[in-house]
Q: 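Pasting a structure below so you can have a look.
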Amino acid sequence: MKLACWNINSIRARKERLLAWLDQARPDVLCLQETKVVDAEFPAAELAERGYQSVVHGQKTYNGVAIVSRQPLNDPRRGFDDGGDDSQCRLLVAETFGVRVASVYVPNGGELGSDKHQYKLAWLARLRAWLERTARPDQPLILCGDFNVAPRESDVAYPEQWRETVLFHPSVREALQPALAWGLRDLFAEKVPAGGVYSWWDYRQLAFPRGDGLRIDLVLGTAPVAARCEKAWVDREARKGKQPSDHAPVLVELRD
DNA sequence: ATGGTTGCTTAGCAA
């Protein structure tokens, strides 16, 4: 089973690119983030023409997550459903290919010390609580998407310059740890030598051609999934050319 | 310290 995750940064702006990429990459499952459309505007019919079913959790203008799969997507669930703020569409989970798959869009966090930074830290704490409440570390679960956190020094091209930002500050790296400690492994980190492989490059200041990237898009899995993971990679080609997303897809291949 | 770019929506926010 080949699974991809991709922050598409507006599925309306990127629809033709996405369809062309699907025809070429042919993942079995694709988790999308930042679709930025209400559910009725998600291009489910065009995906269905290519053999993909969809479940969506979208909103206007901001956020929005989706999962598309070549097999049925069972028992979809939206948001934390923990009594807290669920107005931002950032979490969607469904079962497909015998695996519980979650598409995750962690809050960016804005400026260090801002309310958005605090919201991000709290959101990651809620993620750990949601795992405890709704999942088990001995069952097959994949949690993938845009975490807006680079976990390791080697996941950042210029760590000194990024440490004082909300993508690599110690506070957010620490806030990610409880979810990992619950029983999630970084599938990409286990398969690819550390350093020099990134998934996001800022649109500004020629970050992509300068190689100024961060690995903030993660594919995490419980032990039963990690045991089946054969390889992982980033499709850098998808970041090139005309009007790309600022993120590249991250992929993993699981043994059947 | 600011601004650099893109998308959505229409001047300004979010990323």
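Below, all heavy atoms of this structure are taken into account, side chains as well, without hydrogens, waters or symmetry copies. All chains are named by letter (A, B, ...) in the order of the sequence lines, taking the proteins before the strands, and each is independently numbered beginning at 1.
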Q: If I take atom CG from residue A/D146 and atom OG from residue A/S199, how far apart are they, to the nearest 0.5 angstrom?
A: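 That separation rounds to 7.5 Å.
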Q: Take atom C1' in B/dT10 and the same atom in B/dA1, then report the distance between them in whole Å.
A: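 Approximately 29 Å lies between the C1' atom of B/dT10 and that of B/dA1.
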Q: For each nucleotide in nucleotides 6-15 of chain B, reading 5' to 3', give B when a protein heavy atom comes within less than 4.0 Å of its base, S when such contact involves only the sugar-phosphate, and - otherwise.
A: SSSS----SB
Q: May I ask you to list the residues of residues 153-172 of chain A, by number, that have any heavy atom positioned under 4.0 Å from an atom of DNA chain B?
A: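 Hits under 4.0 Å, by residue number: none.
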Q: Honestly, is A/R215 close enough over A/F188, meaning NZ or CZ under 6.0 Å from the six-membered ring centre and within 45° of the axis?
A: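 Checked: cation-pi criterion not met.
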Q: Take atom C1' in B/dT9 and the same atom in B/dA15, then report the distance between them in whole Å.
A: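 So the two C1' atoms sit 15 Å from each other.
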Q: With sequence neighbours excluded, what pairs up with A/Y105 under the side chain to side chain donor-acceptor pair (under 3.5 Å) test?
A: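 So A/Y105 forms a side chain to side chain donor-acceptor pair (under 3.5 Å) with A/E34.
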Q: Test side-chain contact (heavy atoms from CB on, under 4.5 Å) on A/W233 and A/K191 and set out the steps.
A: CA-CA 8 Å; A/W233 67 103; A/K191 289 293 163 192; over 6 Å; no
Q: Write down the distance separating the C1' atoms in B/dA11 and B/dT6, rounded off to the nearest Å.
A: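 Taking atom C1' in both B/dA11 and B/dT6, they lie 16 Å apart.
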Q: Of the options A/W6, A/W162, A/F168, which is the one that meets A/W200 in a ring-ring contact (aromatic ring centres under 6.0 Å, His included)?
A: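 The passing option is A/W162.
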Q: Determine, for A/R50 against A/E46, whether the closest basic-nitrogen to carboxylate-oxygen distance falls under 4.0 angstrom.
A: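 No, no charged N to carboxylate O under 4.0 Å.
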Q: Let's go through A/L220 and A/L141 carefully: what are the C-alpha distance in whole Å and the side-chain angles of both, what is the deciding distance for side-chain contact (heavy atoms from CB on, under 4.5 Å) to 0.1 Å, and is it a yes or a no?
A: CA-CA 8 Å; A/L220 309 179; A/L141 170 71; over 6 Å; no
Q: With the side chain counted from C-beta on, respond yes when A/M1 and A/R70 share a heavy-atom pair under 4.5 Å apart, and no when they do not.
A: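 They are not in contact (no side-chain heavy atoms under 4.5 Å apart), so the answer is no.
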Q: Could you state the CG-P distance from A/D212 to B/dG4, rounded to the nearest angstrom?
A: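 My rounded result for the distance is 17 Å.
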Q: Taking B/dG12 as the reference, what is the distance to B/dG3 when you measure between their P atoms (whole Å, please)?
A: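 The same atom, P, in both gives a distance of 15 Å.
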